[in-house]
Q: 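Take a look at this one; I'll ask things after.
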Amino acid sequence: MDMKVSKIIIHIFVAFFLVLAVSCSTTVKLKARADLTSDMDLTFDIGAYFAEAIEGMASATGEGLGLSKEAVENSFSGSDFTNVQATVPNKQEVILSARLNAAKDQSVSVNGVRAQDFIKCSKNSLTFTLSPKSIQTLYSSLNEESRAYADLLMAPVFTGDRMSASEYKELLSAVYGKELADETEKARIKISLEPPKGKGISSSSADYKIRQSSSSVTFSVPALELLTLTKEMSFKIDF
């Protein structure tokens with residue numbers, strides 16, 4: 001796997017799961033478009049603790065962390081995402097927007113895993129899917145440096161180990177302390193799905209749904225459940 005693909009994985013996938021453990025305000029907004037592309041807005045804060053840990057690892061290896069506007073945007077070069085715009089207010093926070101190509105136009109894969117395995121827009125639906133198999137395939141494809149960042153979490157969803165949410169919390173507490181483990185238990189990721197302009201929502205998934213209007217559905221998922229994921233989890237709207 002070349003360096004460009006490695007960087008894309010770090011910023012899209014590893015960073016995505018890293019923030020689940022340390023941020024109570026992570027949000028993913030996906031909006032379907034009539035041309036079967038989809039818009040993504042992602043906001044996350046990895047927290048001071050992990051920002052310092054990652055910065056220390058980067059310094060030790062002589063590699064920069066790369067959390068700058070230019071580096072984040074450049075990391076999507078050659079991917080199936082376009083119109084990428086990033087804002088990096090500080091070393092631990094990233095605000096990102098991008099457009100994902102329609103499934104038929106996607107060409108980038110990592111060991112068979114494509115963006116459409118996570119985000120899929122069809123004529124009548126928008127689906128966001130997280131599966132242990134896809135996540136573990138990406139994890140196994142990481143180079144040594146990239147995997148070191150992911151391993152900070154010791155998350156069962158990466159390794160395939162089976163561990164309950166409470167057992168994982170105990171592990172985090174033993175390694176990083178009770179305060180971070182308690183914060184992880186409270187952390188949730190909010191996922192918002194929107195239909196194309198001019199269309200209303202006819203139905204949606206029920207699990208984890210906290211709010212629905214004619215223009216969007218919002219789901220709220222405990223971080224611990226995602227980090228110990230053992231079966232596919234999907235969020236869907238029909239329109």
Side-chain angles (χ1 to χ4, degrees), residues 1-21 26 28 30-33 35-42 44 66 71-84 96-163 189 191 193 205 207 219 221 223 225-237:
M1 181 173 59
D2 61 29
M3 183 58 69
K4 181 180 288 185
V5 175
S6 176
K7 288 182 178 179
I8 291 170
I9 291 175
I10 291 173
H11 290 294
I12 299 177
F13 300 109
V14 176
F16 176 75
F17 285 99
L18 181 61
V19 301
L20 297 182
T26 301
V28 178
L30 301 173
K31 181 178 177 62
R33 293 172 55 86
D35 61 1
L36 305 188
T37 62
S38 51
D39 289 332
M40 176 184 73
D41 290 290
L42 174 64
F44 63 79
V72 173
E73 290 179 352
N74 289 340
S75 71
F76 285 81
S77 175
S79 75
D80 286 311
F81 289 88
T82 62
N83 299 347
V84 179
L96 176 71
S97 65
R99 181 163 296 169
L100 178 61
N101 290 336
K104 66 181 179 62
D105 297 321
Q106 292 179 24
S107 59
V108 178
S109 68
V110 179
N111 288 348
V113 177
R114 296 187 175 187
Q116 62 184 281
D117 293 314
F118 294 87
I119 302 169
K120 189 168 185 178
C121 180
S122 70
K123 183 178 179 180
N124 299 306
S125 67
L126 176 64
T127 308
F128 180 51
T129 301
L130 297 171
S131 78
K133 181 178 179 181
S134 294
I135 294 166
Q136 288 157 23
T137 297
L138 293 173
Y139 173 83
S140 65
S141 301
L142 294 174
N143 60 26
E144 184 176 352
E145 177 195 351
S146 303
R147 190 176 298 182
Y149 292 119
D151 285 343
L152 285 173
L153 281 181
M154 305 172 295
V157 70
F158 288 136
T159 62
D161 295 331
R162 287 188 170 270
M163 188 179 299
I189 178 172
I191 302 163
L193 303 181
S205 301
D207 291 347
F219 305 88
V221 186
E225 289 195 26
L226 292 180
L227 293 167
T228 58
L229 193 66
T230 58
K231 61 182 181 180
E232 183 176 282
M233 181 183 289
S234 289
F235 309 89
K236 182 182 180 182
I237 58 171

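Sequence positions, counted from 1, serve as the residue numbers for this chain.
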Q: If you round to the nearest 0.5 Å, how far is CG of Leu100 from NZ of Lys120?
A: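 Going from NZ on Lys120 over to CG on Leu100, the span is 12.0 Å.
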Q: Identify the two heavy atoms, one from Lys123 and one from Leu36, that lie closest to each other, and give their separation to 0.1 Å.
A: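 Looking at all heavy atoms of both residues, the closest pair is N-CD2, 3.5 Å.
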Q: Please round to the nearest 0.5 Å and tell me the distance separating atom CD of Glu73 and atom CG of Asn83.
A: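 Answer rounded to 0.5 Å: 11.0 Å.
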Q: Under 3.5 Å, side chain of Asp105 to main-chain N/O of Ala102, donor-acceptor pair present?
A: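 Looks like no, no N/O pair under 3.5 Å.
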Q: Is the count of non-hydrogen atoms from other residues, nucleotides or ligands lying under 6.0 Å from Lys31 atom NZ greater than 12?
A: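 Counting other residues, nucleotides and ligands, NZ of Lys31 exceeds 12 neighbours.
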Q: Mind running side chain to side chain contact (heavy atoms under 4.5 Å, CB included) on Leu193 and Phe219 for me, showing each step along the way?
A: CA-CA 9 Å; Leu193 303 181; Phe219 305 88; 3.9 Å; yes
Q: Please examine the side chains of Leu30 and Val28, heavy atoms only from C-beta on, and report whether any two atoms are closer than 4.5 Å.
A: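 A side-chain contact under 4.5 Å exists here.
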Q: Taking side-chain contact (heavy atoms from CB on, under 4.5 Å) as the definition, give me every residue that meets it alongside Asn111, ordered by chain and number, with sequence neighbours left out.
A: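 Asn111 satisfies side-chain contact (heavy atoms from CB on, under 4.5 Å) with Thr137, Ser141 only.
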Q: Return the CD1 to OG distance between Ile135 and Ser140, rounded to the nearest 0.5 Å.
A: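 The CD1 atom of Ile135 sits 12.0 Å away from the OG atom of Ser140.
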Q: Enter the distance from Ser109:OG to Gln116:CD here, rounded to the nearest 0.5 Å.
A: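 Here the interatomic distance stands at 10.0 Å.
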Q: Contact between Leu96 and Asp41 at the side-chain level, heavy atoms closer than 4.5 Å - yes or no?
A: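 Contact flag for Leu96/Asp41 side chains = no.
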Q: Evaluate the side-chain proximity of Gln136 to Thr159: yes if any heavy-atom separation is below 4.5 Å, no if none is.
A: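 Not touching, per the 4.5 Å side-chain cut-off.
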Q: Looking only at atom types and distance, does a side-chain atom of Ser79 sit under 3.5 Å from a main-chain N or O of Phe81, one as donor and one as acceptor?
A: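 The answer is yes, because a donor-acceptor pair under 3.5 Å joins these two groups.
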Q: Are the side chains of Arg114 and Asp80 in contact, using a 4.5 Å heavy-atom criterion?
A: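 They are not in contact (no side-chain heavy atoms under 4.5 Å apart), so the answer is no.
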Q: Show every donor-acceptor pair shorter than 3.5 Å between a side-chain atom in residues 124-131 and any protein atom, with sequence neighbours excluded, or say none if there are none.
A:
| residue | atom | partner | partner atom | Å |
| --- | --- | --- | --- | --- |
| Ser125 | OG | Ser122 | OG | 2.7 |
| Thr129 | OG1 | Ser234 | OG | 3.0 |
| Ser131 | OG | Ser134 | N | 3.2 |
| Ser131 | OG | Ser134 | OG | 3.1 |

Q: Step by step, would you call Thr37 with Asp35 a side-chain hydrogen bond (donor to acceptor under 3.5 Å, both in side chains)?
A: CA-CA 6 Å; Thr37 62; Asp35 61 1; 2.6 Å; yes
Q: Got a sec, which residues hit salt bridge (Lys or Arg N to Asp or Glu O under 4.0 Å) with Lys236, two or more places apart in sequence or on another chain?
A: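 If we apply the salt bridge (Lys or Arg N to Asp or Glu O under 4.0 Å) test to Lys236, skipping adjacent residues, the hits are Asp238.
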Q: Report yes if some heavy atom in the side chain of Val157 is under 4.5 Å from a heavy atom in the side chain of Tyr139; otherwise report no.
A: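 When only atoms from C-beta onward are counted, Tyr139 and Val157 do not touch, as no gap falls below 4.5 Å.
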Q: Can you measure from CD (Gln106) to CD1 (Ile119) and round to the nearest 0.5 angstrom?
A: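 Spacing of CD (Gln106) from CD1 (Ile119) equals 8.5 Å.
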Q: Before you tell me yes or no, could you show the steps for Lys133 and Val113 under side chain to side chain contact (heavy atoms under 4.5 Å, CB included), namely the whole-Å CA-CA distance, both residues' side-chain angles and the distance that decides it to 0.1 Å?
A: CA-CA 9 Å; Lys133 181 178 179 181; Val113 177; over 6 Å; no
Q: Drop me the distance from Met154's CE to Asp161's CG, to the nearest 0.5 angstrom.
A: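 Here the rounded value is 11.5 Å.
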